[in-house]
Amino acid sequence: MKIKKGRIALFFAIVAVLAAGISYFARPVLQDVNLGLDLQGGFEVLYEVEAMHEGDVIDEEALLSTTTAINERVNTIGVSEPTIQIEGDNRIRVQLAGVDDQESARDILSTGGELTIRDVEDNILLDGSDLTQNGANATLNADTNQPIVTLTLEDADQFGDITRELAQQPQGENLLVMWLDFEEGDSYEEEAVKADPKFLSAASVNQTLQTRNVQIEGQFTTEETRFLAEILNAGALPVELNEIYSTSVGASLGEQSMNQTINAGLIGVALIFAYMVLYYRFPGVIAIITLSVYTFLVLIVFNALNAVLTLPGIAALILGIGMAVDANIITYERVREEIKTGKSIMSAFRVGGRRSFATIFDANITTLIAAGVMFYFGTSSVQGFAVMLIISILVSFLTAVWGSRLLLGLWVNSKFLNKRPGWFGVKRGEIDEV
């Protein structure tokens, strides 16, 4: 028997390249993983969408417009990778990971944000559409040092015409009244006599103001002016949002959950690896190599899809490792059975691999269908589990099926394993004499 050492050398070369690649890219790949709110802290809120005006219809277009407006508001908060999903006919789920001030973020999301500038008769003179993009800014009054909000209008001539007419009105009627989320039934006349009126400010106009710059002055704090500017820049919501469910996770709790889950997963994977080596011997070592590559590739694909890793996602990853191991077990058991019938190592490897493929394929296809159903009908956490499971199944075909057979095939075809059934965990006494 002449051993083909070139195939064994190729095996070690492939393993060395894989080990070097994983070692070099492992850190950046792990750093690029987007963690969900259950792992890094944050909050999740489920809104029920209702019509703002009588006769309005909540249809797909209204929901899409609302998600766009919410996304604009999320951008003002500075949250990376938010998750905003439409659920059912009238619900929107928002997940914001890594948010420190959750109450402030909730206020920014749900506040209507419809700016209108009216006269004392509550007639609209200007609205939010007359502002330039990102035209609201929180600043301080240069004379009084009081917090104010400055607005930049699109058309100075339009504002000039409005102020020219107001300047001709009697004192007390020459007012620019600024409202945020004016509702039907609201009235300047009623609000003006209250200690805390609903309108933002009411400024007297005594001359024509041919300018694009307007100030909102009042008894504001710095935080209030910043909040108001962010709301105005994000735009008005086209509907009303009623919060029906919310949950929050602290950053420390999220980190603790992640560490506990990862530790549990590492222990489980270590036990799997130990079992594979003790029971299947050399093929078990091949399985460990391909499973390591499998885990690395799953994370690369997951990052490429810009997906968010959650606790259910980690559970799906560990489940995927178990399924990939199962594919190896099915193949190795078939090979062992063929060896026990008296076939040569090479013949047993080929027949066992061919017969095991149909079983592996059927098992993975049924699981893939179930994962697809979960993704289509499930909510966010279920969808995260399903995405990771689908990726795991597809990648396992590349590593656990093709990769394992490639690496083990190099040894089998080198003829080194001929007359060495013990390397497959088969005792000579278990082999039938031909």
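None of these values were measured; they are calculated from a predicted model.
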Might you point out which heavy atoms bring E338 and G352 nearest each other, and give the distance in Å? CG-N, 4.1 Å
Can you list every side-chain hydrogen bond (donor to acceptor under 3.5 Å, both in side chains) pair that touches residues 6-26, not counting sequence neighbours? none
Does K340 pair with E337 as a salt bridge, N-O distance under 4.0 Å? no
May I ask you to test the I14-L407 pair for a side-chain heavy-atom distance under 4.5 Å? yes
Counting distance only, does the side-chain N/O of T144 pair as donor-acceptor with the main-chain N or O of N141 below 3.5 Å? no
Can you tell me if S404 and T290 form a side-chain donor-acceptor pair at under 3.5 Å? yes
Test item: Y279 and E333 side chains (from C-beta on) under 4.5 Å apart, heavy atoms: yes
Compare all side-chain heavy atoms of F424 with those of Y332 and state whether any distance is below 4.5 angstrom. no
Which pair of heavy atoms, one from T211 and one from L153, lies closest together, and at what distance? O-CD1, 4.5 Å
For residues I92 and E87, determine if any side-chain heavy atom of one lies less than 4.5 Å from a side-chain heavy atom of the other. no
Tell me whether R93 contacts the main-chain N or O of I84 through its side chain, where contact means a donor paired with an acceptor under 3.5 Å. no
If we ignore hydrogens and angles and just use 3.5 Å, is the side chain of Y294 paired with the main-chain N or O of G320 as donor and acceptor? yes
Below 4.5 Å, heavy atoms only, C-beta onward: do I8 and L410 meet side chain to side chain? no
Any donor-acceptor pair under 3.5 Å linking the side chain of N328 with the backbone of A324? yes
Measure from the side-chain N and O atoms of R336 to the backbone N and O of G425, and report whether any donor-acceptor pair falls under 3.5 Å. yes
Tell me, do Y47 and Y245 make a side-chain contact under 4.5 Å, heavy atoms counted? no
For I86, does its backbone N or O pair with a side-chain atom of R91 as donor and acceptor, under 3.5 Å? no
When you measure from the side chain of D326 to the backbone of G322, do you find a donor-acceptor pair of N or O atoms at a distance under 3.5 Å? no
Is the backbone of F182 close enough, under 3.5 Å, to the side chain of D186 for a donor and an acceptor to pair up by distance? no
Strictly distance-based, threshold 3.5 Å: is any side-chain N or O of S347 a donor or acceptor partner for the main-chain N or O of K343? no
